S.K.: 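My structure is below; once you've seen it, I'll send some questions.
What you see is a predicted model, and the numbers here were worked out from it, not measured in a lab.
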Amino acid sequence: MRNLIIFSLIIILIVSLSRKDVWSGYFYPDASNLSTWVEAEETFNNIEACRSWARQEADLYLLENYSSIEEYKWDYECGLNCKHRDGFNVCKETIH
């Protein structure tokens with residue numbers, strides 16, 4: 001019985017250590033209307049990669065839709081270990 005408990009604890013430890021944090025990116029082209037967003041097709045290994053993606057999305061959107069950066073206000077979120085649940089994305093943490 002003791003060996004089974006030790007074995008189970010080792011398996012749980014291995015599984016928990018092998019999980020990598022995954023970041024998901026959400027870009028909002030209009031900061032005053034958060035009901036419209038673009039979700040990154042890929043996931044990211046770290047927060048900086050997610051933020052970089054958001055800046056690239058903003059640059060592309062600006063080039064296609066606005067003549068002046070002064071009139072363009074966008075926003076983004078990066079979510080940690082997000083899961084789709086009941087039609088929503090639920091993230092362990094969201095960072096700006």
Side-chain angles (χ1 to χ4, degrees):
M1 182 67 171
R2 181 176 172 210
N3 288 341
L4 180 60
I5 292 172
I6 292 171
F7 179 74
S8 298
L9 290 174
I10 290 171
I11 295 298
I12 290 170
L13 180 63
I14 290 171
V15 169
S16 66
L17 290 176
S18 66
R19 286 189 179 172
K20 293 172 76 177
D21 285 338
V22 176
W23 292 92
S24 301
Y26 306 94
F27 170 71
Y28 304 95
D30 180 356
S32 66
N33 178 12
L34 300 182
S35 65
T36 302
W37 72 90
V38 175
E39 184 173 346
E41 293 180 9
E42 72 270 21
T43 56
F44 309 98
N45 293 327
N46 58 60
I47 186 68
E48 284 308 317
C50 180
R51 287 176 174 152
S52 177
W53 168 82
R55 286 188 295 270
Q56 290 173 357
E57 286 294 308
D59 291 343
L60 287 172
Y61 197 84
L62 174 65
L63 288 173
E64 295 173 0
N65 297 287
Y66 289 91
S67 61
S68 166
I69 195 165
E70 286 79 25
E71 62 182 291
Y72 181 46
K73 304 293 184 223
W74 58 278
D75 203 358
Y76 75 96
E77 289 180 314
C78 293
L80 177 62
N81 298 332
C82 300
K83 304 280 186 212
H84 293 282
R85 188 178 304 147
D86 299 326
F88 295 96
N89 286 327
V90 179
C91 306
K92 180 179 177 182
E93 177 181 6
T94 55
I95 295 178
H96 204 233

S.K.: Should L60 and L62 be counted in the same cluster of Ile, Leu, Val, Met, Phe, Trp and Tyr side chains packed under 4.5 Å apart?
M.R.: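 No, no single cluster joins them.
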S.K.: Should V38 and W23 be regarded as members of a common hydrophobic cluster, given that ILVMFWY residues are connected when their side-chain heavy atoms come within less than 4.5 Å of each other, either directly or indirectly?
M.R.: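 Per the 4.5 Å side-chain linkage, V38 and W23 are co-clustered.
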S.K.: Roughly how far, to the nearest 0.5 Å, is the CD atom of E77 from the CG atom of L34?
M.R.: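 Here the rounded value is 7.5 Å.
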S.K.: Looking at every non-hydrogen atom in both residues, tell me the closest pair between A58 and W74 and how far apart they are.
M.R.: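 Here A58 and W74 meet closest at CB-CE2, 3.3 Å.
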S.K.: Given the rule that I, L, V, M, F, W and Y join up when any side-chain heavy atoms are under 4.5 Å apart, are V22 and W53 in one cluster?
M.R.: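 Cluster IDs for V22 and W53 differ.
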S.K.: Counting heavy atoms not belonging to E42, are there more than 12 under 6.0 Å from its CD?
M.R.: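 Yes - once you tally the heavy atoms of other residues, nucleotides and ligands closer than 6.0 Å, there are more than 12.
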S.K.: Write down the atom of C50, the atom of S24, and the distance for their closest heavy-atom approach.
M.R.: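 Here C50 and S24 meet closest at SG-O, 3.7 Å.
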S.K.: Roughly how far apart are D59 CG and R55 CZ, rounded to 0.5 Å?
M.R.: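 These two atoms lie 9.0 Å from each other.
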S.K.: Work out which heavy atom in K20 is nearest to a heavy atom in N81; give both atom names and the distance.
M.R.: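 Here K20 and N81 meet closest at O-OD1, 3.8 Å.
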S.K.: ring-ring contact (aromatic ring centres under 6.0 Å, His included) with H96: which residues, sequence neighbours excluded?
M.R.: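 Here the qualifying residues are Y76.
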S.K.: Where do T94 and C91 come nearest, in terms of heavy atoms and distance?
M.R.: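 T94 and C91 have their closest heavy atoms at CG2-CB, 4.0 Å.
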S.K.: Of all heavy-atom pairs between P29 and T36, which one has the smallest distance, and what is that distance?
M.R.: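 In terms of heavy atoms, the two residues are closest at CD-O, 3.5 Å.
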S.K.: According to a hydrophobic-cluster definition based on side-chain heavy atoms being under 4.5 Å apart (Ile, Leu, Val, Met, Phe, Trp, Tyr only), do F27 and L80 belong together?
M.R.: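 Yes; tracing contacts between hydrophobic side chains, which count when under 4.5 Å, links both residues.
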S.K.: Got a sec, which residues hit ring-ring contact (aromatic ring centres under 6.0 Å, His included) with Y26, two or more places apart in sequence or on another chain?
M.R.: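 Expected list: none.
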S.K.: Look up atom SG in C78 and atom CZ in F44, then write down how far apart they are to the nearest 0.5 Å.
M.R.: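 It comes to 7.0 Å.
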